[in-house]
Novice: 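Supplied in structure tokens, the structure appears directly below.
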Amino acid sequence: MPQEVLIKDESGKVISFTREDTVLRIKSGSKGSIGIPYRQILRADFQPDSGILTLVYLRRKKQTDPFGLVELRGVYQGSAVNIAAQWVESLMTHTYEDLGVKRQRRLKVLVNPHGGVRKGITVFMKTVEPILRAARCSLDVTHTTHQGHAFDIAKHLHMDYDAIVIVSGDGLVHEVLNGFAQHEDPRKALSIPLAPIPTGSGNGLALNLLGPEHGFDVTEAALNVIKGKQMKVDVFSLTQGGKRTISFMSQALGLMADLDIGTENLRWMGDTRFVVGLLRGILKFKACPVQLSYKVAESDKIKMAEDFSKSQAQRNSQAEASTPHVTSGALPPLVNLPDDMEGWTTYDKPILYVYAGKGPFVGRDYMAFPVSQPDDGLIDVMAQPVSSRKEILSSLGGAAKGETYWQSSLHYVKAHAYRIKPLGPKGSLAVDGEIFPFEEFQVEVHQNEKEREANIARNRALLEELELKQAVAGLGFTPTSSKPAPKSRAQPVQSKKRVKKVALDVEAPRRQSSRLKRAAIDLDESPLKRQKREAELEVLRAQEAEARLEAEERARMANRPRRHDLELSVLLGEEGMEKVSSFATTLQVVVQEPHSKRVADPEAFTYGKDNKREEVEVSELRERLQSLRIVSRAKVTQDRVYSAAYHPEISKDLIFFGDKHGQLGIWDARAPPDEVTDEDGEAETDENGEGGKYWRLQVYTSSYDCSVRCLSFETSISRQVYANEDGTLISSIDLDPTGNEMWLSDSLGGVTHLDLRENESKTRWYGLSEQKIGCISLNPTRPHFLLTASNNRSIWDIRKLTDIAVDLRDVTGSEFGSETVNDWLNTDSGKGCLRAEWRHDKSVSSAYWDPRGRSIVSTSYDDKLRRES
């Protein structure tokens with residue numbers, strides 16, 4: 001096939017088209033040639049009957065000019081028309097399919113007449129629409145008429161469009177995404193690409209897609225609609241007042257919100273209004289009254305910049321990505337629930353503004369998040385502490401290039417989620433440029449499917465590297481070994497109780513809204529009848545209100561902390577009454593003999609120079625690990641498990657689980673299942689025989705009851721041994737080997753000592769950290785050594801720690817704050833109390849002594865497992 005074809009236009013001028021590697025070379029007459037990149041070619045067609053060949057493309061006259069639409073048309077100068085037809089089709093294939101782009105896309109176009117400088121309709125009709133139609137795109141155009149119109153359209157949109165074109169600013173993008181979130185198939189709706197045409201004020205999405213040079217160029221945006229490729233970008237869920245909102249770009253508080261919200265009346269100025277708002281905010285220089293907390297993923301600015309550069313280089317070197325797989329289903333569930341307190345860090349300095357988001361640019365002159373990545377599963381959060389006007393103004397010079405990132409006073413982190421708690425009644429909050437109430441809220445990132453699959457692959461590789469192939473199979477992964485893994489007999493979790501199947505005629509669900517409950521109103525009813533009907537309705541409303549208040553009061557009373565002793569029948573509840581007898585029998589068997597806390601041989605696994613013995617024991621341990629298999633499985637608690645512990649009874653696998661709503665699950669994992677009666681009245685057992693027996697005890701009315709209870713296996717009575725009335729959350733507990741002394745850690749960075757043989761009034765509290773202590777562990781062989789896990793790991797000698805109560809009791813009572821403890825550590829009496837300390841850049845989530853009391857194993861939010869000996 002020839003690389004060159006010739007046409008003659010109406011004026012008789014001969015034009016040549018020559019295909020080169022990266023451009024189509026066009027030469028007209030004696031003039032010099034021009035090269036048109038294949039991406040800018042919109043259409044080529046050939047009419048065999050008339051011999052007319054047409055080429056339509058986009059071209060800039062100057063580098064800074066917008067694209068102009070160019071059409072060249074003429075009669076093919078050749079005898080074989082099939083050659084021209086093949087050349088045209090080959091050119092179109094090269095400019096579309098070879099670039100991974102679909103031809104003649106079907107587009108839903110939303111035009112906002114009121115966005116930005118109110119030129120959306122004009123821009124679309126005069127500039128954008130001709131370009132889209134030149135590429136033979138199919139257009140379904142709607143002009144929005146009111147706020148929320150785009151939301152309604154997106155909520156009910158058919159899923160047969162290739163993209164949604166949004167001729168507006170970022171506000172309409174926000175509407176569309178939240179409409180998709182309410183769609184009957186949210187995941188599929190959110191997989192439809194959004195293509196912005198920048199006619200708003202800020203146009204943040206267009207800037208991040210097209211770059212600052214072309215972010216406001218509507219012709220470049222129109223070309224992106226035709227030739228752009230689908231890409232995955234993380235979005236956020238913002239929860240506020242029980243309502244969930246999808247956010248795609250940014251959330252701003254304080255100065256950064258004021259410069260947006262406070263200049264709504266200046267939209268006629270375009271993006272210049274943000275500069276006016278910024279200068280106005282700097283003159284006021286008002287602090288933002290909020291508390292910022294976040295789940296940090298990275299806080300080292302240099303490392304974040306290096307990771308960004310590596311990621312960009314990797315993206316540029318990778319081959320063209322295929323179109324992402326589209327899945328159906330509901331929105332992903334929220335991971336960070338409001339009552340989740342584990343792993344959060346609080347920024348405690350006075351704040352001028354908080355800015356969080358995804359995508360480097362939030363405006364043409366402001367690269368707010370220069371290390372932001374579209375699909376890293378994280379949100380970039382920055383907090384500017386109150387400093388001086390001079391410092392803020394001096395940083396503006398490099399804002400367009402992201403140089404404010406390196407400002408020493410700017411606190412910048414990558415986080416999985418963050419929370420804002422207002423500390424005052426007045427303030428500003430803008431989400432994607434939209435005004436939101438200045439109230440407490442939380443934001444978390446939804447990791448895209450590609451990254452989730454990558455995490456699964458990494459975990460599988462790690463397990464196989466450790467040669468735990470059976471564990472890999474048990475977790476649902478496919479081992480890479482050619483030998484099939486032994487088939488586990490464990491079945492999906494299900495109820496052990498069998499129910500006789502009975503065919504039921506079930507009435508279909510009906511809507512029960514108040515509007516539908518109302519009787520039809522007679523249009524001809526008399527005033528007397530209307531008065532009687534309204535009186536009856538008023539009585540009915542009063543009765544419903546009274547019933548609702550009574551139900552709310554019963555619920556409130558049921559959720560009150562239960563401080564009194566609770567019998568087993570109360571803990572098991574009505575549904576578990578028939579299990580009281582079997583559970584009590586199990587407890588009695590366990591308490592026949594005392595079981596002390598297991599302590600390992602301190603000399604176990606110590607080898608010195610005996611490498612051969614070490615190799616033998618490690619090999620034996622590896623063989624035992626490889627032979628592990630799942631022998632029992634059950635849904636022991638109804639909600640998410642927060643803690644678990646083994647009972648030291650060696651004849652049973654008796655395991656205790658605590659869930660997020662205060663339920664205690666007790667599982668006798670290897671117990672034979674109860675016999676049940678089949679439909680013929682004959683006894684049978686569960687065919688798997690692997691579920692064991694379990695009991696669910698509602699010990700607390702909530703997971704944050706702030707109390708500790710002791711369930712006696714002898715008396716079957718649950719007795720409260722400690723309660724924290726000020727609401728401080730208990731994070732971890734441990735007992736000494738005798739079982740007589742208990743230590744608790746809490747969210748205020750303190751530990752509490754209880755002697756269970758004494759009255760609760762003898763309790764002592766010690767503030768050991770400024771941050772939450774998430775875990776404590778007593779050394780099993782030397783129980784006077786207490787290990788705490790906070791932002792660091794610390795070992796305390798509790799023999800000396802309890803001396804504070806003797807030395808300072810007359811001064812401070814039974815509570816000793818962190819300042820008191822720190823002062824006491826510097827005294828002669830306090831020396832040696834803090835035996836060791838290891839500091840971390842990130843929070844330590846757990847730390848435990850090994851059973852020998854010789855080593856410490858800890859986990860941290862830097863995703864590392866550490867062992868210290």
Novice: Where do Gly359 and Asn208 come nearest, in terms of heavy atoms and distance?
Specialist: C-OD1, 3.5 Å

Novice: Does Gln442 reach the main-chain N or O of Asn336 with its side chain, forming a donor-acceptor pair under 3.5 Å?
Specialist: yes

Novice: Specify whether Phe441 and Tyr418 have parallel, tilted or perpendicular ring planes, treating 30° as the upper limit for parallel and 60° as the lower limit for perpendicular.
Specialist: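 Aromatic pair Phe441/Tyr418 classed perpendicular.
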
Novice: In Å, rounded to the nearest 0.5 Å, how long is the span from CD1 of Ile41 to OH of Tyr57?
Specialist: 9.5 Å

Novice: Is it true that Glu71 and Arg133 have a side-chain N and a carboxylate O under 4.0 angstrom from each other?
Specialist: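 Looking at Arg133 together with Glu71, the answer is no, because their closest N to O distance does not fall below 4.0 Å.
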
Novice: Taking all non-hydrogen atoms of both residues into account, name the closest pair between Pro370 and Tyr405 and its distance.
Specialist: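 Reported closest heavy-atom pair: CG-CB, 3.5 Å.
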
Novice: By the ring-ring contact (aromatic ring centres under 6.0 Å, His included) test, which pairs, at least two apart or in different chains, include something from residues 176-197?
Specialist: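 Matches after skipping sequence neighbours: none remain.
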
Novice: In Å, rounded to the nearest 0.5 Å, how long is the span from CD of Glu129 to CZ of Phe124?
Specialist: 4.5 Å

Novice: Check whether more than 12 heavy atoms from other residues, nucleotides or ligands sit under 6.0 Å from atom CD of Gln47, and answer yes or no.
Specialist: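 Yes, because the 6.0 Å sphere around CD of Gln47 holds more than 12 heavy atoms from other groups.
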
Novice: Considering non-hydrogen atoms only, spot the tightest contact between Pro130 and Leu69 and give its length.
Specialist: O-CD2, 3.9 Å

Novice: Looking at Arg73 and Glu10, is there a salt bridge between them, counting it only when a charged N and a carboxylate O are closer than 4.0 Å?
Specialist: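 Salt bridge between Glu10 and Arg73, a charged N being under 4.0 Å from a carboxylate O: no.
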
Novice: Okay, side chain of His214, backbone of Leu210: is any donor-acceptor separation there less than 3.5 Å?
Specialist: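 Between the backbone of Leu210 and the side chain of His214 there is no qualifying donor-acceptor contact (under 3.5 Å).
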
Novice: Do Tyr355 and Leu255 make a side-chain contact, defined as non-hydrogen atoms from C-beta onward lying under 4.5 Å apart?
Specialist: no

Novice: Give a yes or no on whether the backbone of Met249 and the side-chain of Asp432 come within a donor-acceptor separation of less than 3.5 Å.
Specialist: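 Side chain of Asp432 to backbone of Met249, a donor-acceptor pair under 3.5 Å: yes, one is there.
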
Novice: Say whether Arg103 and Thr93, considering side chains only, have a donor N or O and an acceptor N or O under 3.5 Å apart.
Specialist: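 There is such a pair (donor and acceptor under 3.5 Å, judged by atom type) between the side chains of Arg103 and Thr93.
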
Novice: Step by step, work out the side chain to side chain donor-acceptor pair (under 3.5 Å) result for Lys108 and Thr142.
Specialist: CA-CA 8 Å; Lys108 177 65 183 179; Thr142 301; 2.7 Å; yes

Novice: Apply the test side chain to side chain contact (heavy atoms under 4.5 Å, CB included) to residues Leu223 and Arg39: give CA-CA distance (whole Å), side-chain angles for both, the deciding distance (0.1 Å), then the verdict.
Specialist: CA-CA 8 Å; Leu223 178 60; Arg39 186 173 184 269; 3.3 Å; yes

Novice: Is the shortest side-chain heavy-atom distance between Thr144 and Glu175 below 4.5 Å?
Specialist: no

Novice: Less than 4.5 Å apart, side chain to side chain, heavy atoms only: is that true for Val109 and Val167?
Specialist: yes

Novice: Say whether Ser247 and Lys358, considering side chains only, have a donor N or O and an acceptor N or O under 3.5 Å apart.
Specialist: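 Judged by distance alone, the side chains do not pair up.
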
Novice: With rounding to the nearest 0.5 angstrom, report the CD1 to CG distance, Ile197 to Leu110.
Specialist: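 Nearest 0.5 Å value for the CD1-CG distance: 11.5 Å.
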
Novice: Can you tell me if Tyr161 uses its side chain to pair, donor with acceptor, with the backbone of Leu107 under 3.5 Å?
Specialist: no

Novice: Going through the checks in order, is the side chain to side chain contact (heavy atoms under 4.5 Å, CB included) test met by Glu298 and Val413?
Specialist: CA-CA 6 Å; Glu298 185 56 68; Val413 301; over 6 Å; no

Novice: Less than 4.5 Å apart, any side-chain heavy atom of Ile15 and any of Leu55?
Specialist: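 A side-chain contact is absent here, since even the closest heavy-atom pair is not under 4.5 Å.
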
Novice: When you compare the side chain of Phe369 with that of Met382, does any pair of heavy atoms fall below 4.5 Å?
Specialist: yes

Novice: If you count the non-hydrogen atoms of other residues, nucleotides and ligands that lie under 6.0 Å from CE in Met125, is the total more than 12?
Specialist: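 Atom CE in Met125 is not packed in, count stays at 12 or less.
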
Novice: Counting N and O atoms only, with roles assigned by atom type, does the side chain of Arg187 sit under 3.5 Å from a partner on the main chain of Ala330, one being a donor and the other an acceptor?
Specialist: yes

Novice: Looking at CE of Met256 and OH of Tyr366, how far apart are the two atoms once the value is rounded to the nearest 0.5 Å?
Specialist: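 Taking CE in Met256 and OH in Tyr366, the distance rounds to 3.5 Å.
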
Novice: Between the main-chain N or O of Phe67 and the side-chain N or O of Thr219, is there a donor-acceptor pair closer than 3.5 Å?
Specialist: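 A pair under 3.5 Å: yes.
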
Novice: With a 4.5 Å limit on heavy-atom distance, are the side chains of Thr199 and Val111 in contact?
Specialist: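 Thr199 does not reach Val111 side chain to side chain.
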
Novice: How close do Val371 and Ala305 get, heavy atom to heavy atom, and via which atoms?
Specialist: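 Minimum heavy-atom separation between Val371 and Ala305: CG1-CA, 3.8 Å.
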
Novice: Are Lys102 and Asp162 close enough, and set up right, to give a side chain to side chain contact (heavy atoms under 4.5 Å, CB included), and what steps lead you there?
Specialist: CA-CA 9 Å; Lys102 178 183 177 182; Asp162 296 311; 3.0 Å; yes

Novice: Look up atom OG1 in Thr22 and atom CZ in Arg25, then write down how far apart they are to the nearest 0.5 Å.
Specialist: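 Output value for this atom pair is 8.0 Å.
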
Novice: Counting only heavy atoms not in Gln147 (residues, nucleotides, ligands), do more than 12 fall under 6.0 Å from its CD?
Specialist: no

Novice: Going by salt bridge (charged side-chain N to carboxylate O under 4.0 Å, His left out), name the pairs with one or both residues in residues 144-160, residues two or more places apart or in two chains.
Specialist: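 Passing the test, one end in residues 144-160: Arg106-Asp160.
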
Novice: Do side-chain atoms of Arg136 reach the backbone of Gln104 as a donor and acceptor pair under 3.5 angstrom?
Specialist: no

Novice: Grab the two heavy atoms, one from His174 and one from Asn178, that are nearest each other, plus how far apart they are.
Specialist: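 Looking at all heavy atoms of both residues, the closest pair is O-ND2, 2.8 Å.
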
Novice: Under 6.0 Å from the NZ atom of Lys27, do we count more than 12 heavy atoms belonging to anything else shown?
Specialist: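 Atom NZ in Lys27 is not crowded, with 12 or fewer foreign heavy atoms closer than 6.0 Å.
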
Novice: I'd like to know whether Gln63 forms a side chain to side chain contact (heavy atoms under 4.5 Å, CB included) with Glu213, so could you lay out the CA-CA distance, the side-chain angles of the two residues, the decisive distance to 0.1 Å, and finally the verdict.
Specialist: CA-CA 10 Å; Gln63 190 67 27; Glu213 184 180 355; 4.3 Å; yes

Novice: Other residues, nucleotides and ligands only: do more than 12 of their heavy atoms fall within 6.0 Å of NE2 on His146?
Specialist: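 Yes, NE2 of His146 has more than 12 neighbouring heavy atoms, counting only those of other groups under 6.0 Å.
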
Novice: Quick one, Asp375 and Asp234 - any side-chain contact, counting heavy atoms below 4.5 Å?
Specialist: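 They are in contact (side-chain heavy atoms under 4.5 Å apart), so the answer is yes.
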
Novice: Where do Ala135 and Ile226 come nearest, in terms of heavy atoms and distance?
Specialist: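 Answer, listing the atom of Ala135 first, then Ile226: CB-CD1, 3.7 Å.
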
Novice: Output yes when a side-chain donor or acceptor of Lys227 lies under 3.5 Å from a complementary backbone atom of Leu42, and no otherwise.
Specialist: no

Novice: To the closest 0.5 Å, what do you measure between CZ (Phe216) and CG (Leu207)?
Specialist: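 Result: 5.0 Å between the selected atoms.
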
Novice: Check this for me, if you would: do Glu220 and Arg60 make a salt bridge, where the nitrogen-to-carboxylate-oxygen distance has to be below 4.0 angstrom?
Specialist: yes

Novice: Could you tell me whether the side chain of Gln3 reaches within less than 4.5 Å of the side chain of Trp87, counting heavy atoms only?
Specialist: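 Heavy-atom side-chain distance check fails, nothing below 4.5 Å.
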
Novice: Check Lys414 with Asp376, please: is the shortest side-chain N to carboxylate O separation under 4.0 Å?
Specialist: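 Here Asp376 pairs with Lys414 in a salt bridge, since their nearest N and O are under 4.0 Å apart.
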
Novice: Has Ser90 got a side-chain atom pairing as donor or acceptor with Gln86's backbone, closer than 3.5 angstrom?
Specialist: no

Novice: Would you find a donor on one side and an acceptor on the other, under 3.5 Å apart, between the side chain of Gln40 and the backbone of Leu58?
Specialist: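 At least one qualifying donor-acceptor pair exists.
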
